[in-house]
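Here's the structure we're looking at; comments come further down.
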2 protein chains.
Amino acid sequence: MAKVTIQEVAREAGVALGTVSNVLNHPDRVRPETIERVRAAMDALGYAPNQSARLLAGGSSAVFGLILPHMTHGFPLQEASGAQSEARRAGYDLIMLNSAGDPEIERANLRYLAGSQVAGILIHPLCAQHVELPASRRAIPMVYQGVIGEGPGCRVAADREKQGALVAEHAARSGAHHIAVFGRSFAPAEVDRARGIIHVAHDATVQFEFIDEGAPDRSRDGFEVGSKLMRRPACERPDFIIGLTDALASGALAAVRAAGLRVPGDVAVAGCDGNPLAWIGDIPLTTVVPSGYEVGRRGVQLLIEQIELEKLAAFSGEPMDQDLSRQELIRPFLLQRASSVAGASLVGGMDFDVGAYLV
Amino acid sequence: MAKVTIQEVAREAGVALGTVSNVLNHPDRVRPETIERVRAAMDALGYAPNQSARLLAGGSSAVFGLILPHMTHGFPLQEASGAQSEARRAGYDLIMLNSAGDPEIERANLRYLAGSQVAGILIHPLCAQHVELPASRRAIPMVYQGVIGEGPGCRVAADREKQGALVAEHAARSGAHHIAVFGRSFAPAEVDRARGIIHVAHDATVQFEFIDEGAPDRSRDGFEVGSKLMRRPACERPDFIIGLTDALASGALAAVRAAGLRVPGDVAVAGCDGNPLAWIGDIPLTTVVPSGYEVGRRGVQLLIEQIELEKLAAFSGEPMDQDLSRQELIRPFLLQRASSVAGASLVGGMDFDVGAYLV
DNA sequence: ATGAAAGCGCTAACAC
DNA sequence: GTGTTAGCGCTTTCAT
């Protein structure tokens with residue numbers, strides 16, 4: 001019972017080889033009762049079509065490939081979940097590869113997918129630099145996630161500037177007088193958010209202060225910045241702190257409380273990137289809802305659009321004059337929690353089932 | 001520049017087709033300078049070997065497939081990361097499929113991998129029930145993760161009983177007098193942990209109390225149980241609370257503080273499953289270090305062992321009398337944090353870079 | 001619906 | 001080291 005081929009299924013079912021193939025690929029061309037018989041034979045023999053053979057022979061695959069930059073919590077995972085469910089809705093499978101932060105692995109992953117004849121590739125590149133398909137495979141539909149930029153191609157990213165703007169508007173409207181914003185000026189995501197905030201600050205009457213400590217993006221680092229701020233004399237102390245990442249913000253939140261001040265009574269705190277990691281403390285953090293899920297979904301939709309377009313072109317005689325090009329930004333929205341909204345339930349953040357959300 | 005085949009690479013490089021193949025599969029058989037020339041040709045043409053063709057022709061793939069039950073935070077992700085890095089160390093690629101909680105998808109994923117001729121399959125099944133390869137593909141090395149059980153096959157799982165035991169021992173040694181344990185008696189993972197705790201309770205002199213509220217596994221649910229406990233008269237109140245999951249425990253922790261009691265001074269709290277989600281609050285939670293990473297690593301190692309064994313058998317004349325069978329439990333270890341250890345730094349939990357850990 | 005046959009791009013085995 | 005060749009299992013097309 002080693003290798004069951006289509007040939008043996010045909011024999012077992014008492015039909016021709018071609019018929020078995022049709023059952024697999026064009027069930028409409030086969031009489032229902034025959035289909036039944038063939039399926040039974042497949043099950044009896046434990047037949048699993050050899051994907052290599054079927055692709056090599058020109059069949060298509062109904063599998064999308066997704067290349068993740070790494071597998072940490074937050075964005076990439078949300079993207080993967082969104083892509084998964086959208087792909088499945090459309091009848092595609094999704095395989096995921098992880099670049100684990102290494103450009104070399106990223107290249108290898110791309111080569112692999114290119115050589116695997118997947119129906120389309122979703123890639124969240126490690127850096128904004130172009131990562132491209134080998135010249136010989138440019139025909140494979142591809143969508144970049146998490147990056148924007150000029151030039152042809154499809155790109156879907158979260159609107160980070162808008163993320164910052166939302167938080168800033170919230171802070172300004174909250175009645176705060178002195179808003180401190182902190183993060184790292186060398187981290188692209190944080191710079192984008194800061195840009196959004198600056199935009200808002202420009203039109204607002206409140207004081208905005210920008211701080212860059214250049215530290216890594218850990219809660220601990222946020223804690224230190226927060227502590228420093230809290231040690232200031234009361235008149236120079238901000239009454240609203242925006243962390244450009246949720247990890248930083250949650251550290252700052254802890255620092256405010258460690259300093260004996262009330263949140264949000266004395267000092268309000270908000271984060272920016274909707275990372276579930278930061279939603280769990282006993283004072284839930286105001287932040288923006290993760291748009292990664294939506295980015296993943298949209299990415300798959302664009303892949304499918306490209307495929308449809310290609311089909312159309314093939315049908316109407318091969319012109320395919322132009323590739324589909326799209327640049328899309330996914331809008332975030334603000335989640336107002338107890339860290340910045342007096343009166344929000346202290347445990348409000350806890351009824352959020354992160355797991356379910358991500359599925 | 002549509003389809004670049006091995007043939008064209010050969011022509012471009014001025015060598016034979018077979019030589020190009022050798023560069024790909026047996027570089028040792030080709031003169032270094034020739035390799036150089038061929039590689040250059042590949043790059044120039046943007047050649048990406050057709051995986052289907054190479055597999056179909058009998059080449060092997062150096063790709064492992066990992067089937068995840070879902071993509072929520074915590075265990076599955078750790079497993080994926082562990083598997084990734086171990087696979088990479090051994091020169092394998094890893095592709096991941098997500099069953100998204102649906103047995104049907106799980107079956108489809110398995111079929112796909114079986115038909116894709118991957119070098120080995122790692123599967124974390126949705127339930128402990130057997131999920132098996134189609135009869136015709138039994139030869140593919142396979143390792144089950146997260147389940148244990150009798151019968152042939154390789155299984156690697158976290159030792160959940162031990163997880164409970166570790167936390168219980170910690171509680172007993174901490175000087176607590178009344179330890180409340182809560183979770184859901186219908187959740188296998190929690191039952192296993194509880195079993196470990198019961199074991200310890202049996203030998204201990206402290207009072208253990210087991211509570212099952214049957215609620216879902218969210219922080220909010222833990223908060224409610226915790227609140228109920230805190231409303232008891234002081235003499236009936238536990239001074240140590242163990243949540244059988246970290247989500248539950250973090251909710252309980254919040255409840256204790258909301259009741260105006262000090263943690264760990266008045267009541268200590270600990271969780272069980274090392275879920276990074278729960279490590280972020282401003283009082284970091286005592287829990288066990290995630291062993292998912294180790295499970296993933298070990299799973300890949302077992303896959304490789306199976307492959308080696310097969311090679312050996314093939315070399316020495318095809319007997320391959322017995323398949324490799326292994327049942328392994330991965331030991332957790334305790335992470336003592338401020339929620340149960342007075343004097344542990346209040347921000348100790350924050351210098352933990354979750355992202356880096358998972359990579 | 002069947003049977004026959006042509007490849008898909010590659011690997012491995014062969015003779016050179 | 002090179003050049004040649006036989007499949008791998010499947011899809012598709014064609015005549016029947």
Side-chain angles (χ1 to χ4, degrees), chain A residues 2-38 41-42 45-62 111-112 114-117 119 134 136-137 139-140 314, chain B residues 2-38 41-42 45-63 111-112 114-117 119 134 136-137 139 314:
Chain A
K3 318 203 129 190
V4 180
T5 74
I6 202 173
Q7 184 60 263
E8 327 203 3
V9 174
R11 189 152 32 70
E12 172 85 9
V15 300
L17 179 158
T19 305
V20 178
S21 173
N22 277 333
V23 168
L24 251 29
N25 305 292
H26 308 282
D28 46 301
R29 299 184 194 163
V30 185
R31 212 183 313 129
E33 69 178 71
T34 310
I35 293 187
E36 201 49 51
R37 206 144 38 91
V38 172
M42 287 179 176
L45 270 52
Y47 170 71
N50 182 323
Q51 298 294 331
S52 304
R54 94 185 298 204
L55 261 88
L56 184 54
S60 61
S61 71
R111 272 187 111 73
Y112 175 78
S116 289
Q117 309 278 120
S136 62
R137 308 285 184 183
I140 302 179
Chain B
K3 317 205 131 192
V4 179
T5 73
I6 202 173
Q7 184 60 264
E8 328 204 1
V9 174
R11 188 151 34 69
E12 172 85 8
V15 299
L17 179 159
T19 305
V20 178
S21 173
N22 277 333
V23 169
L24 250 28
N25 305 293
H26 307 282
D28 47 300
R29 299 184 194 163
V30 185
R31 213 183 313 128
E33 69 177 70
T34 311
I35 293 187
E36 202 48 53
R37 204 143 40 89
V38 172
M42 287 179 176
L45 270 51
Y47 170 70
N50 182 322
Q51 298 296 330
S52 304
R54 97 186 295 204
L55 256 67
L56 184 54
S60 60
S61 71
V63 176
R111 272 189 110 73
Y112 174 78
S116 290
Q117 308 280 119
S136 61
R137 308 284 184 185

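In this text the structure is predicted, and so the values were computed from the model without any measurement. Proteins come first, then strands; the chains are lettered A, B, ... in the order of their sequence lines, and each starts at number 1.
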Exercise for the section: Could you tell me whether B:Leu17 contacts a base, only the sugar-phosphate backbone, or nothing, with contacts defined as non-hydrogen atoms closer than 4.0 Å? Expected result: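 Base, at least one base heavy atom under 4.0 Å.
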
Practice task
Under 4.0 Å between any heavy atoms, over every strand shown, what does A:Thr34 touch: base, sugar-phosphate, or nothing? Just pick one.
Solution key: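 Result for A:Thr34 = sugar-phosphate.
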
Out of [options], which nucleotide sits closest to the side chain of [X]?
X	options	result
B:Ala57	D:dG9, C:dT2, D:dC8	D:dC8
A:Ala16	C:dT2, D:dG1, D:dC10	C:dT2
A:Asn50	C:dC10, D:dG9, D:dT11	D:dG9

Handout entry: Verdict with reasoning, A:Leu24 to A:Met42, per side-chain contact (heavy atoms from CB on, under 4.5 Å)
Key = CA-CA 11 Å; A:Leu24 251 29; A:Met42 287 179 176; 3.1 Å; yes

To the nearest Å, how far apart are [X] [atom1] and [N] [atom2]?
X	N	atom1	atom2	value
A:Gln117	D:dT11	CD	C1'	14 Å
A:Ile35	C:dA1	CD1	P	8 Å
A:Gln51	D:dC8	CD	C1'	15 Å
A:Glu8	D:dG9	CD	P	9 Å
B:Arg29	D:dT2	CZ	P	13 Å
A:Gln7	D:dG7	CD	P	16 Å
B:Leu55	C:dT11	CG	P	10 Å
A:Met42	D:dC10	CE	C1'	12 Å

Check whether any side-chain N or O of [X] sits under 4.0 Å from OP1 or OP2 of [N], and answer yes or no.
X	N	result
B:Arg54	C:dG9	no
A:Tyr47	D:dG9	no
B:Arg31	D:dG1	yes

If you look at every heavy atom in [X] and [Y], which pair is closest and at what distance?
X	Y	value
A:Ile6	A:Leu17	CG2-CG, 3.9 Å
B:Leu45	B:Val4	O-CG2, 3.4 Å
A:Leu56	B:Ser52	N-CB, 4.1 Å
A:Gln51	B:Tyr112	CG-O, 4.1 Å

Problem - Residue closer to the 5' end of DNA chain D, B:Val30 versus B:Ala53 (nearest nucleotide) - result: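 The residue mapped nearer the 5' terminus is B:Val30.
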
Exercise for the section: Output yes when a side-chain donor or acceptor of A:Arg29 lies under 3.5 Å from a complementary backbone atom of A:Thr19, and no otherwise. Expected result: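 No, A:Arg29 side chain to A:Thr19 backbone: no donor-acceptor pair under 3.5 Å.
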
Practice task
Output yes when a side-chain donor or acceptor of A:Arg37 lies under 3.5 Å from a complementary backbone atom of A:Ala13, and no otherwise.
Solution key: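 Yes, the answer is positive, given that a donor and an acceptor are paired below the 3.5 Å cut-off.
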
Problem - Contacting residues from residues 18-26 of chain B, given that a heavy atom lies under 4.0 angstrom of DNA chain C - result: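 Correct list: B:Ser21, B:Asn25, B:His26.
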
